[in-house]
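Written below as structure tokens is the structure these notes are about.
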Number of protein chains: 2
Amino acid sequence: MIDREGPTPLYVQVADAIQARIDAGELLPNRPIPSENQLVQEYAVARGTARKAIQLLRDRGLVATVVGRGTYVATTANG
Amino acid sequence: MIDREGPTPLYVQVADAIQARIDAGELLPNRPIPSENQLVQEYAVARGTARKAIQLLRDRGLVATVVGRGTYVATTANG
DNA sequence: GTTCATTTGTCCGTATGTATC
DNA sequence: GGATACATACGGACAAATGAA
């Protein structure tokens, strides 16, 4: 799932993986995506990598983060 | 009524729900809103969450609180 | 005046999640 | 990767104010 030796940065791969789960309807609008700690475990990456992946998804407009609550699939993403 | 899995903090949702009751004329100026304990039961939240909701309504200028008495709809709100 | 119930105020701790360094 | 800070949410306990019995 994650190619550690390939040219694509890990955080991009993680972001793409999450986006695939959103596109597949596994992660629904206004529902939380896995927490940073969960992403760390699921993809076996460092916390900073998970955060950069979420940041990338934010920049893509696919998710929105609420401090103290979590990161959620944007309403506009597969609304 | 309250979406526990959504991105909006619970105390914001509770405050919005009460404000909706004020706007609808269900809660009248100079009349008490439900007590903290009542809000705890009605919305199935912790007392701290109910208190933060009331605090938010105070900041919005919609209610005023009297220690030992209760919280009342502001005269200016739907006067 | 005392007692009691109700209500708000305050502090404690625990857990989870994000933000920052 | 680790440590710390801040925000959300829950739960418990006790104090203080109010009003009624």
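Salt bridge annotation for A/Arg21-A/Asp16: absent, with no cationic side-chain nitrogen under 4.0 angstrom from a carboxylate oxygen.
For B/Tyr72 and C/dT6, the OH to P distance is 15 Å, given to the nearest whole Å. With rounding to whole Å, B/Arg47 atom CZ is found 14 Å from C/dT6 atom P.
Residue B/Gly70 is in sugar-phosphate contact alone, with no base atom involved, counting any heavy-atom pair closer than 4.0 Å across all strands shown. Residue contacts for A/Arg69: at a heavy-atom cut-off of 4.0 Å it reaches the sugar-phosphate backbone alone, with no base atom in range.
On the nucleic acid side, DNA chain D has its first and last nucleotide under 4.0 Å of a heavy atom of chain B at D/dT8 to D/dG19, going 5' to 3'.
The base of C/dG17 does not come close enough to the side chain of A/Arg51 for any donor and acceptor atom to sit less than 3.5 Å apart.
Regarding contacts with the backbone of C/dT18, a side-chain N or O of A/Thr71 is found under 4.0 angstrom from either OP1 or OP2.
Summarising the local packing, CZ of B/Arg31 is surrounded by 12 or fewer heavy atoms from other residues, nucleotides or ligands at distances under 6.0 Å.
At a threshold of 4.5 Å between non-hydrogen side-chain atoms, the residues B/Val73 and B/Pro32 do not count as touching. In this structure, B/Thr49 and B/Val40 have side chains that are not in contact, with every pair of non-hydrogen atoms separated by 4.5 Å or more.
In terms of hydrophobic clustering, with Ile, Leu, Val, Met, Phe, Trp and Tyr side chains grouped at heavy-atom distances under 4.5 Å, A/Leu27 and A/Leu62 are assigned to a common cluster.
No side-chain donor-acceptor contact under 3.5 Å links A/Glu36 to the backbone of A/Arg47.
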